[in-house]
Protein chains: 2
Amino acid sequence: MPLQGDESVKSNKHPNNFPSADHDHQRCVDSALGKAESYCTARGVRLTKLRHRVLELIWANHRPVGAYDLLQQLTLEGHKASPPTIYRSLDFLLDNGLIHRINSLNAYVGCDHPGLDHAAQFFICGACGQAAELEDTKIDSAISGHARRIGFCIEGKTIEISGTCANCQQQQRDRQG
Amino acid sequence: MPLQGDESVKSNKHPNNFPSADHDHQRCVDSALGKAESYCTARGVRLTKLRHRVLELIWANHRPVGAYDLLQQLTLEGHKASPPTIYRSLDFLLDNGLIHRINSLNAYVGCDHPGLDHAAQFFICGACGQAAELEDTKIDSAISGHARRIGFCIEGKTIEISGTCANCQQQQRDRQG
DNA sequence: ACAACAAATGTTATAATATAACGTAACATA
DNA sequence: TATGTTACGTTATATTATAACATTTGTTGT
Ligand SMILES: [Zn+2]
Ligand SMILES: [Zn+2]
Ligand SMILES: [Zn+2]
Ligand SMILES: [Zn+2]
């Protein structure tokens with residue numbers, strides 16, 4: 001029974017979808033990689049060693065991370081890699097819905113629930129650098145509704161809201177007050 | 001009486017906000033530049049010759065256009081320009097709300113209603129390359145609502161919906177049928 | 001196991017987008 | 001006109017991404 005919802009992951013996260021500071025991050029990485037493995041097996045695509053490692057690095061960062069950052073992290077661990085190496089892995093992961101690209105940051109972030117053809121909506125905190133992926137039906141239906149009214153056929157959506165997350169606002173207040 | 005709504009522009013456009021194929025484009029460019037001039041005068045900022053020309057080129061294209069495309073267009077008309085020249089003008093125009101950046105295209109497009117602190121939502125047609133700027137209250141309030149619920153303080157929004165506009169869908173049907 | 005093919009990766013070079021740093025010119029204000 | 005500020009010119013470089021082709025690895029049929 002592949003690809004079912006995994007509540008254990010949700011419970012590992014802050015209710016507002018931003019990863020909390022003290023979450024069990026290893027479990028968080030392991031869960032994501034485990035899901036990715038099952039998903040690739042189910043789809044009959046190969047999550048090779050390199051692709052697996054790139055996805056692992058993305059989740060280890062647990063925030064949107066640039067291609068050249070990943071490249072450097074690979075290099076630091078001894079893998080002599082050049083740009084096409086990383087971009088090919090990123091392309092695979094994007095094609096298979098295992099990561100998302102954040103256009104406003106030129107960065108890549110792991111997807112919580114791979115395989116679903118879901119609307120990727122992101123709230124991105126400029127203070128902590130973290131991104132929360134959402135699936136707000138109201139936002140999605142508002143957009144679909146407008147598209148229908150103007151006869152627009154939707155192929156892709158980029159919805160990236162930047163600002164400051166609740167945690168970081170609180171920390172800023174603490175520092176000031 | 002600066003910065004008021006100008007219905008004459010709306011009437012120059014297709015109801016779905018995509019510029020129609022036969023719209024009076026010169027009027028469209030003139031109107032945008034005129035508004036920009038008043039706006040800059042009102043705000044006490046300088047729409048210099050270069051900035052004016054860059055904005056004019058952007059509107060002349062009347063679709064999202066890349067920085068290096070603009071650079072080439074400037075060069076073709078004899079202005080020996082280098083990247084900083086164009087990027088500085090783009091920065092000025094962005095800062096003053098006269099253009100928007102389309103993150104998913106690395107491109108820049110003129111803003112219909114400069115000066116308003118409006119939500120920039122775009123529907124972008126991959127066939128004709130045109131972009132429709134919207135201000136759908138439902139979309140905006142759906143996003144604001146979600147932000148409020150998770151305590152997120154919004155600073156900027158990137159909402160870019162890609163696909164095929166009604167006109168281009170019709171043309172595709174005509175070609176096939 | 002072997003050949004033959006396909007998929008993935010390595011490698012080198014280059015494209016496309018954007019900014020840093022510093023000098024010069026134009027403009028504003030007094 | 002002197003002075004300070006803003007904008008622009010110019011050179012170099014940073015950042016992000018892809019093209020092209022060689023090599024390796026994996027798969028499939030025999
Ligand atoms: Zn985590
Ligand atoms: Zn934060
Ligand atoms: Zn026009
Ligand atoms: Zn179109």
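Chain letters run A, B, ... following the sequence lines, proteins first and then strands; every chain starts at 1.
The distance from atom CG of B/Asn96 to atom C1' of D/dT6 is 14 Å, rounded to the nearest whole Å. If you measure from atom CG of A/Leu105 to atom C1' of D/dT15, you get 14 Å, rounded to the nearest angstrom. Across the protein-nucleic acid pair, B/Tyr87 atom OH and C/dA20 atom P stand 13 Å apart, rounded to whole Å. For the pair B/Asp95 CG and D/dA7 C1', the interatomic distance rounds to 14 Å; values are reported in whole Å. Note: CG (A/Leu47) to P (C/dA8) measures 11 Å, nearest angstrom. Here C/dA8 presents its P atom at 12 Å from CG of A/Asp91, a figure rounded to the nearest Å.
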Protein-to-nucleotide contact annotation, 5' to 3' order, nucleotides 22-29 of chain D [B base; S sugar-phosphate only; - none; under 4.0 Å, heavy atom]: ----S---
For a quick check, with a 4.0 angstrom heavy-atom cut-off, what is the B/S/- contact string for nucleotides 9-15 of chain C, read 5' to 3'? BBBB---
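The 5' end of DNA chain D is approached more closely, in terms of each residue's nearest nucleotide, by B/Val45 than by the other of A/Ala107 and B/Val45.
Applying the side chain to side chain donor-acceptor pair (under 3.5 Å) criterion to A/Arg149, with sequence neighbours excluded, gives B/Asp136. Partners of A/Ala147 under the side-chain contact (heavy atoms from CB on, under 4.5 Å) rule, at least two apart in sequence or in another chain, are A/Phe152, A/Ile154, B/Phe123.
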Pairs under 3.5 angstrom only: tabulate donor-acceptor contacts from the side chains of residues 64-75 of chain B to other protein residues two or more places apart or in another chain.
{"unit_1": "B/Gln73", "atom_1": "OE1", "unit_2": "B/Asn61", "atom_2": "ND2", "d": "3.1"}
{"unit_1": "B/Gln73", "atom_1": "NE2", "unit_2": "B/Asn61", "atom_2": "OD1", "d": "3.4"}
{"unit_1": "B/Thr75", "atom_1": "OG1", "unit_2": "B/Leu71", "atom_2": "O", "d": "2.8"}

Please output the side-chain donor-acceptor pairs of residues 85-96 of chain B that fall under 3.5 Å, not counting sequence neighbours, one pair per line with the distance.
{"unit_1": "B/Thr85", "atom_1": "OG1", "unit_2": "B/Ser82", "atom_2": "O", "d": "3.3"}
{"unit_1": "B/Asn96", "atom_1": "ND2", "unit_2": "B/Phe92", "atom_2": "O", "d": "2.9"}

Could you give the side-chain donor-acceptor pairs of residues 156-166 of chain B under 3.5 Å, partners two or more places apart or in another chain?
{"unit_1": "B/Lys157", "atom_1": "NZ", "unit_2": "B/Asp140", "atom_2": "OD1", "d": "2.5"}
{"unit_1": "B/Thr158", "atom_1": "OG1", "unit_2": "B/Asn103", "atom_2": "ND2", "d": "3.0"}
{"unit_1": "B/Glu160", "atom_1": "OE1", "unit_2": "B/Asn103", "atom_2": "N", "d": "3.4"}
{"unit_1": "B/Glu160", "atom_1": "OE1", "unit_2": "B/Ser104", "atom_2": "N", "d": "2.7"}
{"unit_1": "B/Glu160", "atom_1": "OE1", "unit_2": "B/Ser104", "atom_2": "OG", "d": "2.5"}
{"unit_1": "B/Glu160", "atom_1": "OE2", "unit_2": "B/Asn103", "atom_2": "N", "d": "2.8"}
{"unit_1": "B/Ser162", "atom_1": "OG", "unit_2": "A/Gly156", "atom_2": "N", "d": "3.3"}
{"unit_1": "B/Ser162", "atom_1": "OG", "unit_2": "A/Gly156", "atom_2": "O", "d": "3.2"}
{"unit_1": "B/Thr164", "atom_1": "OG1", "unit_2": "A/Glu155", "atom_2": "OE2", "d": "3.0"}

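Pairs of residues two or more places apart, or lying in two chains, never qualify as ring-ring contact (aromatic ring centres under 6.0 Å, His included) while including a residue from residues 153-177 of chain A. For residues 51-67 of chain B, the salt bridge (Lys or Arg N to Asp or Glu O under 4.0 Å) pairs, not counting sequence neighbours, are B/Arg53-B/Glu56, B/Arg53-B/Glu77.
Within the 4.5 Å cutoff, the side chain of B/Cys128 has heavy atoms near those of the B/Cys125 side chain.
Stacking is found between A/Tyr68 and the pyrimidine-like six-membered ring of the D/dT16 base under the 5.5 Å centre-distance and 30° plane-angle cut-offs.
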